[in-house]
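A quick write-up on the structure given underneath.
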Protein chains: 2
Amino acid sequence: MDNVLTRKLEKFAPLSAEDRSLLDDIIRPTRTVPADTDLIREGQSSNEVRLILKGFACRYKMLPNGRRQIVAYLIPGDFCDLNAFILEAFDHSIGTLSECTVVDIPRQRIMELTDRPGIARAFWWVTLVDEGTLREWLLNIGQRGAAPRVAHLFCELLVRLRIVDLAHEDSYELPLTQAEIADTMGISPVHVNRVMQTLREMDLIEYRRKSLVIKDLDRLIAFSDFNGAYLHLQSGKPERQSIKTP
Amino acid sequence: MDNVLTRKLEKFAPLSAEDRSLLDDIIRPTRTVPADTDLIREGQSSNEVRLILKGFACRYKMLPNGRRQIVAYLIPGDFCDLNAFILEAFDHSIGTLSECTVVDIPRQRIMELTDRPGIARAFWWVTLVDEGTLREWLLNIGQRGAAPRVAHLFCELLVRLRIVDLAHEDSYELPLTQAEIADTMGISPVHVNRVMQTLREMDLIEYRRKSLVIKDLDRLIAFSDFNGAYLHLQSGKPERQSIKTP
DNA sequence: CGAGACTTTGATCCACGTCAAAAGGCGTGG
DNA sequence: CCACGCCTTTTGACGTGGATCAAAGTCTCG
């Protein structure tokens, strides 16, 4: 039960005891990866599936001119590449943002797991949530101004980290530099700094020592028009993010 | 053989004759949908899978303030919602951009098809390509200036339309208004207009009567840093888009 | 205690937005 | 076949959010 993966998957639908124990077996042996290390590089292929157990990582793409876009954050409980072995080459890289604990799961084991319908459905779910998140990010970057854009990210991370019990109240560890946030949001590092000051002055957040405190979640949600429906959490159990968006 | 769906799926891996004929049976009965009509609205659920046979449609998300972001184009051969029935509610809407011909396929038929491994793999492939495309769009909107951004879109559409034989040489029908392109690219309609004039003045494209002619594909590719690897076409058959990116 | 990595600040610039109006298509009905 | 009206494209003037550049603070950690 204290497995970050099952904890997450059960937010979609309950798993049988047997499924849960199969998923428990999978999370060993682990290895530790230092910060700022690539787990997978664009163009590579792989016969293993990586699962993040601890730390923050990201998917990113680079442009020849050196500009970088982070296209997803990977937090504990997230797979790097669940189905990627169907393709011959990765179309993006994955790198750690902080020190991470990772498991490498042989493709074969994943395929065994997906013989079980409950697990197969749960894996589909994570795939579809990833896709939904990409669409929401596109909306975020394409249509929101810089300040609500950053605020939206903070709301999303709160919800996602709560799912795996990594948020305490309305605050969580956010081991990112402002430059990394800039690469995520498509704005300059300097502007990220200014935006965060604005959010601070509005009394929406506090941010010190890589730790984010959301001081007024309701207003942060309203300010960023956050609606967490794209995370497709089970509807029986309304989460804070959904009850606040009329 | 003259089925827009199999034509596309075989660009990933060849299908058996039997698979191909199963996929032929699926594309009837069709219906015609006028332009600017929603096929699916955010929040809805559905037990059918829609397949576009003719025309352009798009996935989009709206903000409460009325701003819209188009997050994907759907062209002939594209599924609207292959796996979406796993979720209870759509997290985005799908609307036609031009008059479209569509088939509605009951969820049950899709599940029968995926019993066949070749088809199942092909369906996985389209899902992963969709996801890869979303990541590339995020890079495009987040990191490129307006002109290369639009140019990148034109390159992508050329490759995708060629896959289904809907491009003639380096040109194709593009039934979009500049306002729709603006909603896709996260820039204003006025600026789209100016960017297109720039591309025209650079002798990269011609655009009249909803018809786009790429006058110098190599330069357009270079200008937009286009690299079609994210479309994951079969590697045995190098397409134009890949040989031009060193 | 010093070095390198982050954050913060200030000044200036420019890509793109907004507003508003003119000019072209294009379908409809007379 | 023309004229009207509507939608789309184009143009111009002007405003602004965010970029860039550069330097000064501040952390953190060896």
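Note that these values count all heavy atoms, side chains included, but never hydrogens, waters or copies made by symmetry. So that the names make sense, note that chain A is the first sequence line, chain B the second, and so on, each numbered from 1.
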(request) Mind checking the CG-OH spacing from A:D78 to A:Y73? Nearest 0.5 Å is all I need. (result) 13.0 Å
(message) Working to the nearest 0.5 angstrom, can you tell me the gap between A:I26 CD1 and A:L51 CG?
(response) 7.5 Å
Under a 3.5 Å distance rule, please check whether [X] uses its side chain to pair with a backbone N or O of [Y] as donor and acceptor.
X	Y	result
A:R135	B:H92	no
B:K210	B:L176	yes
A:K61	A:I70	no

(message) Once ring pair (Phe, Tyr, Trp, His ring centres under 6.0 Å) is applied, do any residues pair with A:Y207, and if so which ones, sequence neighbours excluded?
(response) none
(message) Suppose we screen for ring pair (Phe, Tyr, Trp, His ring centres under 6.0 Å). Which residues come up paired with B:Y172, at least two apart in sequence or across chains?
(response) none
Rounded to whole Å, please give me the gap between [atom1] in [X] and [atom2] in [N].
X	N	atom1	atom2	answer
A:K210	C:dA5	NZ	P	14 Å
A:Q197	C:dT7	CD	C1'	9 Å
A:D183	C:dC6	CG	C1'	14 Å
A:L176	C:dT7	CG	C1'	15 Å

(message) Ignoring hydrogens and geometry beyond distance, is a side-chain donor-acceptor pair present between A:Q197 and A:N193 at under 3.5 Å?
(response) yes
(message) Could you check whether A:H232 and A:Y230 have their ring centres less than 6.0 Å apart?
(response) no
(message) Counting primed atoms plus P, OP1 and OP2 as sugar-phosphate and everything else as base, spell out the protein contacts along nucleotides 14-25 of chain C at 4.0 Å heavy-atom distance: B, S or - for each nucleotide, 5' to 3'.
(response) --BSBB------
(message) What range of DNA chain D does chain B touch, first nucleotide to last, counting atoms under 4.0 Å from its heavy atoms?
(response) D:dT8 to D:dA13
(request) Establish, with yes or no, whether the OP1 or OP2 oxygen of C:dT7 is under 4.0 angstrom from a side-chain nitrogen or oxygen of A:N193. (result) no
(request) Note the angle between the end axes of the helix from C:dC1-D:dG30 to C:dG30-D:dC1, five pairs defining each, rounded to 10 degrees. (result) 40°
(request) Sequence neighbours left out, what pairs pass salt bridge (charged side-chain N to carboxylate O under 4.0 Å, His left out) with at least one residue falling in residues 171-188 of chain B? (result) B:R68-B:D183
